[in-house]
Amino acid sequence: MTNPFREDLVSRSRPEPCTVVIFGATGDLTHRKLVPAIYNLAIDGELPPGVKIVGFARREKSDEEFRQGLEELNRKVSRSGHDDAIWAKFQESISYHQSEFTDADGYKRLAERLDAIDRDRGGKGNRLFYVASAPEFFDDILTQLKGAGLNKAKDGCWARVIVEKPFGTDLATAQHLNQVVNRTFHEKDTYRIDHYLGKETAQNIMVLRFANAIFEPLWNSRYISHVQVTCAENLGMEGGRGGYYDKSGALRDMVQNHLLQLLSLITMEPPTDLSADGVRDEKVKVIRSLRQWDTPEKVAKNVVRAQYTAGHVDGQPRPGYREEDRVDPESMTESYVAVRLLIDTWRWSGVPFYIRMGKQLPKKATEISIHFKDAPCVLFNALPGGVPGSNVLVLRIQPDEGISLRMVSKIPGTSLRLEPVKMDFHYSTSFGKGSPEAYERLLLDAMAGDATLFARRDEVEEAWKFIDNIEHAWHQSTTPPPMAEYVAGSWGPKEADELLQQDGNVWRRL
């Protein structure tokens, strides 16, 4: 049987052999996502031959100790399971390099080590640097890479960098980081990663819109009533996450990057081609067209922020946000945010877009729902209750990736009664296997030089402009909008429900 995922992957440029250097190699991201992703690519036969992995971190470790730690996690999290024989061969490509991120000598030794790896394997010298460290080290790592000359590719080779989120904490820091990155690597060699865009459903948004004649003609303000984007998490500040989160919050942690990226895919115009800049040109136009909430009054009218109070999730008691470990008892950081957005373009004039993200909600799920306007019901006005609901197209991003369409149908029987039914598509059952992890696709894209699914400099900065206006209203205004509350295990504050009720809408139940 033909594997449709394999067909998709081999349709791109074949990646060349390279060495992947991961900064922050002892961290959770490396152990849970990055190395398992490369391992799964190797199992699927998608990894180019001769790929080497060098972990760069500050802790003292031997190659063997580093590999053992990776193996322990790979056994637990690998999508394809763990095969001892394959791992034994795979781990030979992994090594560890200890250095402080600010130590110039450590980077010189890294350069010598990479040259030695190339000599040993007969490699050309292609290098992919993955900056997965804590954000405060991004500057140091990029500056030291330049100091050691590692940003310069040898003749016929390439040197690229992937930068993990968060890419800045506001517009000023993002602009500064962009300047540092662009002084070190060319924009075409810079990959700002957002793993949401590596998920199958996110990639499928363009296919759904532009390859199906039944949808694109309806994709505008004439037929669509409103759009909802929901990212729900059923966890709080477990594992010491409160220290980071209390400095970030739901708006900057999720909305600025993941959710605005998904929104831009839903609302952009058809690109002239599928090149990286063709797609990203259209995405940035959307973000640039967002109506700005640039006064406290506009923010109060269109944005709701909230913190959870003590409650229960999955039958387990949960503390309130301000009682969480490493969270300031007087914190004014939001664990929930709901935003009404308006896009001032011809296509979307008058269509509200609602984005919500929250911690300690009843379940973990991310989805986009497109709500169509009601059909004229003159034929069914006499029926009890009329027509039950309008058409809703739902794109499920996680955990159950797929697409569903709600429509109205007649209930079988002798009388005319109507009821909503659902057409459902699941990736796992329709294609006979689950989707690859997002990091697998994105790492392979970076090796192949395809930046389509990575954010460009102007996209990041335009997103921060929109977010900064809201942050300033919350934290720099003399009359800031109030902080609402919701009980842990509920679907958010009543103020978020009222936000939609003002337009005659309600949140979709997940």
Side-chain angles (χ1 to χ4, degrees), residues 131-143 163-184 187 190-196 231 241-264 280 283-284 286-300 302-307 326-328 330-341 355-357 359 454-481 483:
V131 184
S133 67
E136 58 263 34
F137 297 114
F138 287 1
D139 274 19
D140 292 329
I141 292 169
L142 292 163
T143 303
V163 184
E164 258 294 338
K165 76 157 190 145
F167 200 86
T169 55
D170 57 18
L171 176 59
T173 55
Q175 287 175 327
H176 169 73
L177 185 54
N178 273 328
Q179 290 170 357
V180 174
V181 172
N182 289 153
R183 282 199 298 264
T184 310
E187 180 64 28
T190 302
Y191 296 74
R192 299 169 186 82
I193 196 166
D194 183 339
H195 71 271
Y196 263 54
C231 178
R241 184 170 166 76
Y244 160 76
Y245 197 86
D246 203 38
K247 297 175 183 175
S248 177
L251 185 69
R252 293 191 294 175
D253 186 50
M254 293 295 291
V255 177
Q256 184 274 334
N257 39 61
H258 299 325
L259 302 190
L260 287 185
Q261 284 286 331
L262 291 177
L263 181 75
S264 64
R280 297 191 293 185
K283 285 167 56 188
V284 75
V286 171
I287 299 174
R288 199 174 287 146
S289 301
L290 290 174
R291 192 175 299 178
Q292 296 292 320
W293 306 139
D294 51 5
T295 65
E297 292 74 24
K298 292 178 183 177
V299 171
N302 295 286
V303 185
V304 173
R305 59 173 173 166
Q307 294 175 335
R326 304 187 190 184
V327 170
D328 182 351
E330 304 295 325
S331 174
M332 289 300 287
T333 299
E334 75 288 356
S335 62
Y336 178 102
V337 63
V339 187
R340 173 170 48 204
L341 304 104
I355 284 178
R356 61 173 167 169
M357 186 280 150
K359 294 279 190 181
F454 296 83
R456 202 169 57 189
R457 174 177 183 158
D458 50 353
E459 285 182 78
V460 173
E461 294 184 3
E462 289 292 339
W464 275 122
K465 286 179 187 174
F466 180 79
I467 297 299
D468 273 9
N469 283 332
I470 300 173
E471 287 283 347
H472 292 167
W474 286 350
H475 301 295
Q476 296 181 15
S477 167
T478 55
T479 55
M483 176 72 76

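This chain uses plain numbering: 1 for the first residue, then up along the sequence. The structure presented is a predicted model; accordingly, all values stated were derived computationally and were not measured.
Here NZ of Lys298 is found 12.0 Å from CD1 of Ile470. Values are rounded to the nearest 0.5 Å. Interatomic distance, CG of Leu171 versus CD of Glu471, reported as 12.5 Å (0.5 Å rounding). Put simply, CG on Asp328 and NZ on Lys247 are 11.5 Å apart, with the number rounded to the nearest 0.5 Å. In this structure, CG in Asp246 is found 11.0 Å from CE in Met332, a value given to the nearest 0.5 Å. To the nearest 0.5 Å, atoms CD (Gln256) and CZ (Phe167) are separated by 10.0 Å. Rounded to the nearest 0.5 angstrom, Glu462 CD and Leu260 CG are separated by 11.5 Å.
Looking at every heavy atom in both residues, Val299 comes nearest to Pro481 through CG1-CG, 4.0 Å. Here the closest heavy-atom approach between residue Pro480 and residue Trp474 is recorded as CB-O, 3.4 Å.
Using a 4.5 Å heavy-atom cutoff, the side chains of Glu334 and Tyr336 are not in contact. Residues Leu290 and Lys465 form no side-chain contact, since every pair of their non-hydrogen atoms from C-beta on lies 4.5 Å or further apart. In this structure the side chain of Pro166 reaches within 4.5 angstrom of the side chain of Tyr244, judged on heavy atoms. Using a 4.5 Å heavy-atom threshold, the side chains of Asp139 and Leu177 count as touching.
Ring-plane geometry between His258 and Tyr196 is classed as parallel, the angle between the planes falling under 30 degrees on a 0 to 90 degree scale with a further cut at 60.
For the residue pair Asn178/Arg192, the side-chain donor-acceptor check at 3.5 Å is satisfied. A donor-acceptor contact closer than 3.5 angstrom is absent between the side chains of Asp140 and Thr143. Inspection of the Gln261 and Asp194 side chains reveals no N or O donor paired with an N or O acceptor under 3.5 Å.
No side-chain donor-acceptor contact under 3.5 Å links Ser331 to the backbone of Val327.
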message: With side-chain contact (heavy atoms from CB on, under 4.5 Å) as the criterion, how do Val131 and Phe137 come out once you've worked through the C-alpha distance, each side chain's angles and the decisive distance to 0.1 Å?
response: CA-CA 9 Å; Val131 184; Phe137 297 114; over 6 Å; no
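Shown are Asn257, Val460, Ile193; of these, the side chain to side chain contact (heavy atoms under 4.5 Å, CB included) with Lys165 is made only by Asn257.
Taking the charged nitrogens against the carboxylate oxygens, Arg241 and Asp253 do have a contact shorter than 4.0 Å, which makes a salt bridge. Ion pairing between a basic and an acidic side chain is recognised when a charged N comes within 4.0 Å of a carboxylate O; Lys283 and Glu459 show such pairing.
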